[in-house]
Peer 1: 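Pasting a structure below so you can have a look.
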Amino acid sequence: MREIVVEVVTAGLRRLAGSGELPDGVLEALPEIKVERPREKSHGDFSTNAALVLARHARMKPLDLARKILAALPAEQTAGISWDIAGPGFINFHIAPERLRMLLGEILARGDRYGHSAAGGGRKVLVEFVSANPTGPMHVGHGRGAVTGDTIARLLAATGHQVTREYYINDAGAQVEVLGRSVLHRCREIAGHVETPPEGWYPGEYVIEIARALLERHGDPASLPFSQVVDFAIDWVMREIREDLETMQIHFDQWFSERFLHVSGGIDRAVEELSKNGWIVQGVLERPKGWDGASPEDYDGRPQLLFRSTHFGDDSDRPLKKGDGSYTYFAADIAYHFDKARRGFDRLVDVWGADHGGYVKRVQAALEALTGKREILDVILTQMVNLTQGGKPVRMSKRAGTFVTLRDVVKETGVDAVRFWFLTRSSGAGIDFDLDLAKSRTNDNPVFYVQYAHARVFSLLTRLQERNLSRDGGDRSRLEAPEELDLIRRLGLFPETVEGAALSREPHRLTYYLSELAAAFHGYYNNHRILDEDPGLRGARLELCLAVRQVIANGLALLGVSAPESM
RNA sequence: GCGUGGUUAGCUCAGUUGGAUAGAGCGUUGGCCUCCGAAGCCAAAGGUCAUUGGUUCGAAUCCAAUACCGCGCACCA
């Protein structure tokens, strides 16, 4: 619906420019010219600032220019559209009810494709998310990243992008070895030995389960190579993670192993590539500046292999090798992102926890050094999730091994609640997730509120059948109530909302839209009788309700949330 | 100290990438079931958009300082 107005305005401007009434080159200012939705209803359905933006270039008063623009609009495309000039020179467009109502037919005809578009032009996008370490079960923070990444992927796919979902498995390095040692410790414990646990071990209950499984499968692990113990543990944890993700309706296309980068020489190649361009030096980092806490005491000031990321705006150069000569995590990450870039994606999206925020600059620096393109990567940081119950915080302590896992929360509240709730805030804002509220069946709970609106439409169809009423013979022109036209306008907003959410990687825009649409529907429903005696009115109102249902269903599908027929 | 996210109604947060008179939910107060699902709806009250400057036709939005809050700060992932 928006495109119609955009086309009309640009056609008018081109005609003016063509006839010499606008100076040459004025149309280059086109990006600044916007067709937008006015906040104030009396300002119509759309408005454009064209006259304001162009007034100076054209050396005309905005109001005079606005009149000229209106005179140049192509008459053949403006049926059902009226306009006026307001304020300092805004041009407001009003869509006539007849034209609005046509949208209902379009929505029902396009069905579950309504809201989808080709805006992305088939561009290839890689969305990397979750990437939780294979050292323990996913917690709620991972869950938020998982839902955010998956929904961004769904939005991109719906707007004409070719999307790949990828999970980066950190199966190399010290952490997984600690996991292996923790499992061995538990094995010996089960065998009756009492020993002090290994340094920095994972005390969680799940490690005991892994130990039991290992004993059952291989007997005494003392006879096994340590690497096999590690592999067994990683496989066990990853199996759990995959299960959780499946439950959450999240399906990955690729699982990318960090270890593969080490053994395949991928890191060597990336480092060599950097080196070739002079971005690597042997140097000494400055002693870390002390901040409030104690400064690290074990700074040794030794020369090491450094990536000169400061050249690309990072705060400090970054080491690529540890004291023992093995590569740092960052070195592997450089190689990983280099690999991504070389796979021919137009765009990379990474979803990380906010605690990794310090990494953004250095990864972007590496990408710029390797490919010359910095903007290719978008990093979305998700803030903390605070679990509460009845308003009081639920204690989570990973150190004590008593944290609440994502699985527990999903079991308690259901996938729909978790997915929707995690998308009710912009990713930059923290979320309070209340277990009691997420389960409640009242309008305090946005998930049920939206799903309820969907179910209500189905309930209407059931009543219709019970009473042996027909839904045919509707007369759309009977939809005259302000609430009805308002609902249709909201439905017309859906495609723009999806596109905006996709391009800005802000899924929460969609949850807000759906909550508002549901609210408008509930209000309408409470004040108007849908199943009216008059078949003309009844049919038209039913069509409106069915269109609302379709849009809610499409929106929920993009969020990965179910649209129940009854609740 | 550096970086980063944030600061909008009593609380939790939106604000469509710079538009016209600042929005929602919760909470508070008061209303609505003979009627399609009250699992819902309607109404009222509630604001120095942290502060100060700047950019321009126009700023909650962009820039610069300042003040608080969260997160991160060699050789972990």
Peer 1: Looking at Lys321(A), does any N or O in its side chain come under 4.0 Å of the phosphate oxygens OP1/OP2 on A74(B)?
Peer 2: no

Peer 1: Counting only side-chain N and O atoms of Asn443(A), is one of them less than 4.0 Å from OP1 or OP2 of G40(B)?
Peer 2: yes

Peer 1: Among C36(B), G40(B), G3(B), which is the nearest nucleotide to the side chain of Ile530(A)?
Peer 2: C36(B)

Peer 1: Roughly, in whole Å, what's the span from CD in Glu258(A) to P in C76(B)?
Peer 2: 12 Å

Peer 1: Any idea how Tyr359(A) and His356(A) line up, ring-wise: parallel (<30°), tilted (30 to 60°), or perpendicular (>60°)?
Peer 2: tilted

Peer 1: Rounded to the nearest angstrom, tell me the gap between atom CD1 in Ile380(A) and atom C1' in U4(B).
Peer 2: 15 Å

Peer 1: Select from Gly523(A) and Arg362(A) the residue whose nearest nucleotide in RNA chain B is closer to the 5' end of that strand.
Peer 2: Gly523(A)

Peer 1: What contact category does Arg456(A) fall into here, base, sugar-phosphate, or nothing, at under 4.0 angstrom with non-hydrogen atoms?
Peer 2: sugar-phosphate

Peer 1: Closest to the Asn527(A) side chain: G70(B), C36(B), C41(B)?
Peer 2: C41(B)

Peer 1: Measuring only the P atom in each nucleotide, how far is G40(B) from C26(B)? A whole number of Å is fine.
Peer 2: 9 Å

Peer 1: For a quick check, with a 4.0 angstrom heavy-atom cut-off, what is the B/S/- contact string for nucleotides 8-21 of chain B, read 5' to 3'?
Peer 2: ----SSSSBB-BB-

Peer 1: Rounded to whole angstrom units, what separation is found between the OH atom of Tyr513(A) and the P atom of G23(B)?
Peer 2: 20 Å

Peer 1: Regarding Arg259(A) and Asp231(A), does a basic nitrogen lie under 4.0 Å from an acidic carboxylate oxygen?
Peer 2: yes

Peer 1: Do the rings of Phe521(A) and Tyr525(A) sit parallel, tilted or perpendicular, given the 30° and 60° boundaries?
Peer 2: tilted

Peer 1: Hey, is C26(B) sitting syn or anti, using the within-90° cutoff around 0?
Peer 2: anti

Peer 1: When the distance from CG of Leu179(A) to C1' of A77(B) is rounded to whole Å, what number comes out?
Peer 2: 13 Å

Peer 1: Which part of the nucleic acid, if any, lies within contact of Tyr449(A), taking any heavy atom under 4.0 Å across all strands shown: a base, the sugar-phosphate backbone alone, or nothing?
Peer 2: sugar-phosphate

Peer 1: I need the Arg362(A) CZ to Leu367(A) CG distance, nearest 0.5 Å.
Peer 2: 14.0 Å

Peer 1: Take atom CG of Asn526(A) and atom C1' of C33(B), then tell me their distance rounded to the nearest Å.
Peer 2: 10 Å

Peer 1: I'd like a table of donor-acceptor pairs (distance under 3.5 Å, sequence neighbours excluded) in which one partner is a side-chain atom from residues 534-546 of chain A, with atom names and distances.
Peer 2:
residue, atom, partner, partner atom, Å
Asp534(A), OD1, Gly536(A), N, 2.8
Asp534(A), OD2, Arg478(A), NH1, 2.9
Asp534(A), OD2, Arg478(A), NH2, 3.0
Arg538(A), NE, Ser470(A), O, 3.0
Arg538(A), NH1, Asp532(A), O, 2.9
Arg538(A), NH1, Glu533(A), O, 3.2
Arg538(A), NH2, Ser470(A), O, 3.1
Arg541(A), NE, Glu484(A), OE2, 2.9
Arg541(A), NE, Tyr524(A), OH, 3.4
Arg541(A), NH1, Arg529(A), O, 2.7
Glu543(A), OE1, Arg476(A), NE, 2.9
Glu543(A), OE2, Arg476(A), NE, 3.4
Glu543(A), OE2, Arg476(A), NH2, 2.9

Peer 1: Expressed as a whole number of angstroms, how long is the span from Tyr359(A):OH to A77(B):P?
Peer 2: 7 Å

Peer 1: Using 4.0 Å as the upper bound for N to carboxylate O, is an ion pair formed by Asp486(A) and Arg490(A)?
Peer 2: yes

Peer 1: Between Arg37(A) and Asp45(A) (salt bridge meaning N to carboxylate O under 4.0 Å), is one present in this structure?
Peer 2: no

Peer 1: Side chain of His356(A) only, please: which of C36(B), C75(B), A77(B) is the nearest?
Peer 2: A77(B)

Peer 1: For G19(B) versus A74(B), give the span between their C1' atoms, rounded off to a whole number of Å.
Peer 2: 48 Å

Peer 1: Looking at Gly313(A) and Lys361(A), what are the two nearest heavy atoms and their distance?
Peer 2: O-CD, 3.7 Å

Peer 1: Go nucleotide by nucleotide along RNA chain B from the 5' end; which of Ser316(A) and Tyr524(A) gets its closest nucleotide reached first?
Peer 2: Tyr524(A)

Peer 1: For C68(B) versus U52(B), give the span between their C1' atoms, rounded off to a whole number of Å.
Peer 2: 16 Å

Peer 1: Between Trp352(A) and His337(A), how do the two ring planes meet: parallel, tilted or perpendicular, split at 30° and 60°?
Peer 2: perpendicular

Peer 1: For Ser515(A), answer base if it contacts any base atom (sugar-phosphate contacts may also be present), sugar-phosphate if it contacts only those atoms, and nothing otherwise; contact means non-hydrogen atoms under 4.0 Å.
Peer 2: nothing

Peer 1: Extract the stems that RNA chain B is part of, considering only consecutive pairing runs of at least three Watson-Crick or G-U wobble pairs, both distances under 3.5 Å.
Peer 2: B:1-7 with B:67-73, B:10-13 with B:23-26, B:28-32 with B:40-44, B:50-54 with B:62-66

Peer 1: Apply the syn/anti split at 90° from 0 to U4(B) and say which one it is.
Peer 2: anti

Peer 1: Determine the interatomic distance between P on U29(B) and the same-named atom on G54(B); round to the nearest Å.
Peer 2: 46 Å

Peer 1: Which part of the nucleic acid, if any, lies within reach of Arg318(A) when heavy atoms closer than 4.0 Å are counted: base, sugar-phosphate only, or nothing?
Peer 2: nothing

Peer 1: Can a salt bridge be assigned to the pair Arg347(A) and Glu375(A) using a cut-off of 4.0 Å between side-chain N and carboxylate O?
Peer 2: no

Peer 1: Distance check needed: G72(B) C1' versus Gln383(A) CD, whole Å only.
Peer 2: 11 Å

Peer 1: Please measure how far the P atom in U16(B) lies from the corresponding atom in G31(B), and state the result in whole Å.
Peer 2: 38 Å

Peer 1: Report the nucleotide, chosen from C36(B), G3(B), C26(B), that has the shortest atom-to-atom distance to any side-chain atom of Lys361(A).
Peer 2: G3(B)

Peer 1: Nearest whole Å is fine: how far is A77(B) C1' from Gln175(A) CD?
Peer 2: 4 Å

Peer 1: Which of these nucleotides, C36(B), G5(B), C76(B), is closest to any side-chain atom of Tyr525(A)?
Peer 2: C36(B)

Peer 1: Rounded to the nearest 0.5 Å, what separation is found between the CG atom of Asn527(A) and the NE2 atom of His522(A)?
Peer 2: 13.0 Å

Peer 1: Say we look at A14(B) and C57(B): how far apart would their C1' atoms be, to the nearest angstrom?
Peer 2: 28 Å

Peer 1: Quick one: are Pro319(A) and Leu285(A) in side-chain contact, heavy atoms under 4.5 Å?
Peer 2: yes

Peer 1: Taking the C1' atom in each of C62(B) and A9(B), what is the distance between them to the nearest angstrom?
Peer 2: 26 Å

Peer 1: Provide the distance between the two P atoms, one in U21(B) and one in G58(B), to the nearest whole Å.
Peer 2: 14 Å

Peer 1: Mind checking Met384(A) for me? I need base, sugar-phosphate or nothing, with any heavy atom below 4.0 Å counting as a touch.
Peer 2: nothing

Peer 1: State which of G40(B), G5(B), C36(B) makes the closest approach to the side chain of Ser459(A).
Peer 2: C36(B)

